[in-house]
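See below for the structure under consideration.
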Amino acid sequence: MRILVTNDDGIHAPGLAVLEKIAREISDDVIVVAPETDQSGVSHSLSLNDPLRLREISPSHFAVKGTPTDCVIMGLRHVLKGGRPDLVLSGVNRGQNVAEDVTYSGTIAAAMEGTLLGVPSIALSQAVNPEDRANFSWNCAEAHGSNVIRKVLAAGIAPGIVINVNFPAVKPEAMRGIAVSVQGQRNQALLDIDQRQDGRGNPYFWIAFARGRITPAEGSDLHALAHGRISVTPLRLDLTDLPQLTRLAEALE
């Protein structure tokens, strides 16, 4: 099996090294094509107005001055031209990608691009305990990543589906199993703008989340992580809402 590995945190991100290690537990044929710099939150964007710069770090490691989507296209259409991969793995992201995150995440977008180009693709993220960020660990993803990937591949990934995997912020031995979950929903009222001043008194802003409690719906990705389970969510690239399609078709006849 040939595996293309990418991410959105950049070529030097520790989570990328974790994912490469996971991939090499599955196959000896692993190629890394990742962004030159951190591209978190860029979603499924393409670099249409700027040239892509490709830097070969080693025969199996490449950095692209572009987005995660650019990296997957570069990997499939140039770096691995003539030697198509069998699997695209994206991550391991530092921080969970669940609920509304999936629409912002460059990690998931890279897996989406792999799926669009006809390659089975999986996005992987490691949750962070907000109360204990100083002791962040990749251990749960590192310990269980290859096993989850093997199980997903054995079950099969249908065309047009991206598999979104999130590991809970617990020690590997404390993980309480795998939950196949639906995409959850947060309280977006917590989304806020944090205004500050620089050293010259000029205002600048950060997008931030106000503190507040969320009660995740049972069966959701948020619920799985909150209960120490690995969340596995199949995401469909076809965003059409069929019931609403029928309703609108009847209303607009």
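- In this structure, Asp198 does not pair ionically with Arg196, as no charged nitrogen and carboxylate oxygen lie closer than 4.0 Å.
- Between the CG atom of Leu89 and the OG1 atom of Thr107 there is a distance of 12.0 Å, given to the nearest 0.5 Å.
- Following chains of ILVMFWY side-chain contacts shorter than 4.5 Å, one can reach Ile230 starting from Ile22, so the two form part of one hydrophobic cluster.
- Other residues, nucleotides and ligands place no more than 12 heavy atoms under 6.0 Å from the CZ atom of Arg236.
- When side chains are defined from C-beta on, Trp138 counts as touching Arg94, because their heavy atoms get closer than 4.5 Å.
- In this structure, a donor-acceptor pair under 3.5 Å is present between the side chains of Asp70 and Thr67.
- The one candidate from Leu225, Leu124, Asn93, Asn139 that meets the side-chain contact (heavy atoms from CB on, under 4.5 Å) condition with Phe167 is Leu124.
- Here the CD1 atom belonging to Ile108 is positioned 9.5 Å from the CG atom belonging to Asp8, to the nearest 0.5 angstrom.
- Using a 4.5 Å heavy-atom threshold, the side chains of Ile193 and Trp206 count as separate.
- A side-chain contact (heavy atoms from CB on, under 4.5 Å) with Thr69 is found for exactly one of Met74, Glu113, Met112, namely Glu113.
- To the nearest 0.5 angstrom, Asp194 atom CG is 10.0 Å from Phe205 atom CZ.
- By the 6.0 Å contact criterion, CZ on Arg84 is enclosed, its count of non-hydrogen atoms from other residues, nucleotides or ligands being greater than 12.
- Within a 6.0 Å radius of CZ in Arg53, no more than 12 heavy atoms belonging to other residues, nucleotides or ligands are found.
- Here OG1 of Thr103 is found 10.0 Å from CG of Asn97. Values are rounded to the nearest 0.5 Å.
- Residues Cys140 and Pro168 have side chains in contact (heavy-atom distance under 4.5 Å, counting atoms from C-beta outward).
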Dump the intermediate steps for side-chain contact (heavy atoms from CB on, under 4.5 Å) on Leu46 and Ile73, then the final yes or no. CA-CA 10 Å; Leu46 284 166; Ile73 296 172; 3.5 Å; yes

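- Atom CG of Leu245 is surrounded by more than 12 heavy atoms from other residues, nucleotides or ligands within 6.0 Å.
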side-chain contact (heavy atoms from CB on, under 4.5 Å) between Lys65 and Thr37, worked out: CA-CA 7 Å; Lys65 192 173 182 182; Thr37 58; over 6 Å; no

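- Using a 4.5 Å heavy-atom threshold, the side chains of Ile149 and Ile122 count as touching.
- Side-chain contact check for Val98 versus Arg186: some heavy-atom pair is nearer than 4.5 Å.
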What side-chain donor-acceptor pairs closer than 3.5 Å can you find for residues 25-36, not counting sequence neighbours?
from	atom 1	to	atom 2	distance (Å)
Glu25	OE1	Ser146	OG	2.7
Ser27	OG	Met1	O	2.3
Ser27	OG	Asp29	N	3.0
Asp29	OD1	Arg2	NE	3.3
Asp29	OD2	Arg2	NE	2.9
Asp29	OD2	Arg2	NH2	3.4
Glu36	OE1	Arg55	NE	3.2
Glu36	OE2	Arg55	NE	3.3
Glu36	OE2	Arg55	NH2	2.5

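- In this structure, the separation between CG on Leu235 and CG on Leu237 is 8.0 Å, given to the nearest 0.5 Å.
- Applying the ring-ring contact (aromatic ring centres under 6.0 Å, His included) test to His223 and every residue at least two apart in sequence or in another chain returns His227.
- Taken to the nearest 0.5 Å, the CG atom of Leu76 stands 12.5 Å off from the NE2 atom of His78.
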